[in-house]
Visitor: 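Before we start, here is the structure in question, set down as structure tokens.
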Amino acid sequence: MKKSFIIAALFVLTIAPCGVKGQSIVDNGLFYHSFRSPFSNRLNPALFPGQSGWYVTTAKTDVAVGLPLSYNDLGLEYDEVRDVTTLNLNNLIKNLKENGSNFVVNADMDILGFGFTVKDKLHFSASSGVKIDNSMAIPLGVLDLLTQGNVNPMGHVDFGADNILNSQAYFYASISGAMKLPKLPVTIGARFNLLDGIVAASVDNLSVDLKTSQDIHQMQLTSDYKLHLAGIPTLENLDDLGSLDFNNIVENLSFPKNLGFTFDIGAKAKVGILDLSLSIKDLGPGIHWTTNPITIVPKTQDVTITFDGVDLSTLLTNGKIDTSFLSNWKDSLMAMIDYTSESEDYWYSMPTHLYMGASATIAKFMRLGFLFQGLWQNGWFSNHHVDTPPFACNNTLSLHFNIFNWLELAAANSFTYDGNHFAFLNPGASVTVGLGGRFQLFASVEYLSSLYLTELKSAHVVFGINMVGLKK
């Protein structure tokens, strides 16, 4: 037993310092160490609910939201004299700079899934559903420009950013298998995920540089961008956004043709009273976008506008204003935003997840668990503009209670670090209720950044129903 706890302690200390950017939400972790939930298998193909011989998953709704600011951070101020509420923009921008500017909304809805085990040595499962992943960010350079830029106009400001928009919706169908190794307390598993993209939109690169000379007589503005669109809309260029073919939208929604794949690998091992596990999800190339793909880039790369000021002595002639400098500026600005489009198919990789878990069954009715969740937002096989895919992670401690074999309660807390400060309080809880020995009702909420609604920045909610066959 002492050896087991030493292994677990080293395991936790090795990965605990990892940081998470801007309250990034990874995946549902409360069911990972569950006594009976089938969703542990979704995160690790080597896991299978210990009390079940088979299961069928039906309707499951999974929604995750992450915001850079809470209601209290918005900077709303009440003026008692005038009886009005005002927004303090300076405080709002300051809070965005301090807390990050990422907006994340992810949704996952199951269509149908099932799994079964053969003599506790072989596990098989399949699942299908629809996923929607959306993330958006305000470039921090814009916030710098709004604060420092209007105070100190000299120098250089870059208010562009990578990955300010990343949105995908797709169907998935998965099949997995796992096997317990002979004469070893180790189980290994793998899963194949077939993906079919519905719609996608992303900005891989947005660069806008503003430079002013030291004597403040010249200003240069340089821009570059790259926008990907694919899926439902039939677009030749951005002007077609207002005249989309509704019949074409319905046809592509019903029968998309953007196929791709990823695969998952996992393992678990029994070491004394500890169950250790490791898995990697969504390895592979991702989705091949072939339906109405369009890539929009500037006609001229790195367009630069130089403004040398206005000669006031020639601006007014015989009572008339010389507007030629405005025409020159208009032509330069139009050249900066003028674009060209390419209709070439492309691959877009999925976020890659890493899970490392350790649990100890203290009694038949109690289990203590630890879970490390890592996320490469652009995937290991990233083909995006960013050279180094951003990495985020969470560390979660959970306690599970199995009561009367029909009720399971769990409570958890996640430790996060957003690059500036630690967040030690991110609680969560779940409940699973068995009905008639065949049905399972479940609900969970986790990654709550606060217990107060007005201070809440992130939350992850899951609820649904399963059918299970309990072991006798």
Side-chain angles (χ1 to χ4, degrees), residues 26-64 106-118 120 122-133 168-179 187-198 256 259-266 268 277 279-284 287 350-351 353 355 357 408 430-444 460-471:
V26 184
D27 213 333
N28 182 269
L30 266 174
F31 294 127
Y32 192 87
H33 300 297
S34 170
F35 285 89
R36 65 188 73 196
S37 174
F39 299 113
S40 59
N41 179 263
R42 299 288 181 88
L43 306 186
N44 187 333
L47 300 180
F48 197 87
Q51 293 188 350
S52 302
W54 59 268
Y55 64 81
V56 175
T57 59
T58 53
K60 176 180 79 80
T61 301
D62 184 330
V63 179
N106 297 328
D108 182 0
M109 181 169 290
D110 273 21
I111 297 176
L112 184 66
F114 66 88
F116 62 93
T117 181
V118 180
D120 290 331
L122 296 174
H123 309 317
F124 299 95
S125 67
S127 60
S128 59
V130 181
K131 282 191 176 183
I132 301 173
D133 298 324
Q168 288 191 110
Y170 57 93
F171 296 108
Y172 66 90
S174 306
I175 184 169
S176 70
M179 178 182 67
T187 301
I188 58 174
R191 177 184 291 110
F192 177 79
N193 307 299
L194 179 65
L195 311 175
D196 196 353
I198 302 172
L259 296 178
F261 70 92
T262 61
F263 57 92
D264 313 336
I265 55 175
K268 71 171 184 177
S277 56
S279 66
I280 303 175
K281 279 187 58 182
D282 289 321
L283 292 167
I287 297 176
M350 311 302 293
H353 299 77
Y355 300 94
E408 180 176 354
S430 71
V431 58
T432 303
V433 180
L435 299 176
R438 280 290 180 266
F439 294 95
Q440 244 182 32
L441 298 177
F442 61 90
S444 78
H460 190 170
V461 178
V462 182
F463 58 91
I465 185 171
N466 299 322
M467 292 181 62
V468 295
L470 298 178
K471 295 178 182 177

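For the numbers below, each heavy atom of this structure counts, side chains included, while hydrogens, waters and symmetry mates do not. The shown structure was predicted, so the numbers you read here are calculated from the model rather than taken from an experiment.
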Visitor: Check this for me: does any side-chain nitrogen of one of Arg42 and Asp108 sit under 4.0 Å from a carboxylate oxygen of the other?
Guide: no
Visitor: How long is the gap from OH on Tyr170 to CD1 on Ile132, to the nearest 0.5 Å?
Guide: 10.0 Å
Visitor: For the atom pair NZ (Lys131) and CZ (Phe171), what is the distance rounded to the nearest 0.5 Å?
Guide: 14.0 Å
Visitor: Decide yes or no for Gln168 and Ile287: does some side-chain heavy atom of the first lie under 4.5 Å from some side-chain heavy atom of the second?
Guide: yes
Visitor: How many angstroms lie between atom OG1 of Thr262 and atom CD1 of Ile280, to the nearest 0.5 angstrom?
Guide: 12.5 Å
Visitor: Could you tell me whether the side chain of Glu408 and the main chain of Ser34 form a donor-acceptor pair under 3.5 Å?
Guide: no
Visitor: Tell me, do Asp120 and Phe48 make a side-chain contact under 4.5 Å, heavy atoms counted?
Guide: no
Visitor: List the atom of Arg191, the atom of Ser174, and the distance in Å for their closest heavy-atom pair.
Guide: CD-CB, 3.7 Å
Visitor: Is the shortest heavy-atom distance from the side chain of Tyr355 to the side chain of Asn44 under 4.5 Å?
Guide: no
Visitor: Closest heavy-atom contact between Pro49 and Ser40?
Guide: N-OG, 4.4 Å
Visitor: Work out which heavy atom in Asn41 is nearest to a heavy atom in Ser176; give both atom names and the distance.
Guide: OD1-OG, 3.9 Å
Visitor: In Å, rounded to the nearest 0.5 Å, how long is the span from OG of Ser128 to CG of Asp196?
Guide: 12.5 Å
Visitor: Determine the minimum heavy-atom distance between Ile188 and Ala46, stating which atoms define it.
Guide: C-CB, 4.1 Å
Visitor: Does the side chain of Thr57 pick up a donor-acceptor pair with the side chain of Asn466 at under 3.5 Å?
Guide: no
Visitor: Can you tell if the side chain of Asp62 reaches within under 4.5 Å of the side chain of His460, non-hydrogen atoms only?
Guide: yes
Visitor: Grab the two heavy atoms, one from Lys281 and one from Asp264, that are nearest each other, plus how far apart they are.
Guide: CA-OD1, 3.4 Å
Visitor: Tell me the closest heavy-atom pair linking Thr58 and Asp110, and the distance in Å.
Guide: O-CB, 3.3 Å
Visitor: Under the rule for ring-ring contact (aromatic ring centres under 6.0 Å, His included), what residues qualify as partners of Tyr172, not counting sequence neighbours?
Guide: none
Visitor: Just checking Phe124 against Phe116, ring centres under 6.0 Å apart?
Guide: yes
Visitor: So do Val56 and Leu112 actually touch side chain to side chain, heavy atoms under 4.5 Å?
Guide: yes
Visitor: Tell me, do Met350 and Asn193 make a side-chain contact under 4.5 Å, heavy atoms counted?
Guide: no
Visitor: Is the ring pair Phe442/Phe31 parallel, tilted or perpendicular, if the boundaries are 30 and 60 degrees?
Guide: perpendicular
Visitor: Would the Tyr55 and Phe39 ring centres measure less than 6.0 Å apart?
Guide: no
Visitor: Apply side chain to side chain contact (heavy atoms under 4.5 Å, CB included) to Thr432 and Arg36, showing your working.
Guide: CA-CA 9 Å; Thr432 303; Arg36 65 188 73 196; 3.9 Å; yes
Visitor: When rounded to the nearest 0.5 angstrom, what is the spacing between CE in Met467 and CZ in Phe114?
Guide: 13.5 Å
Visitor: Nearest 0.5 angstrom please: Phe261 CZ to Asp282 CG, how far?
Guide: 12.0 Å
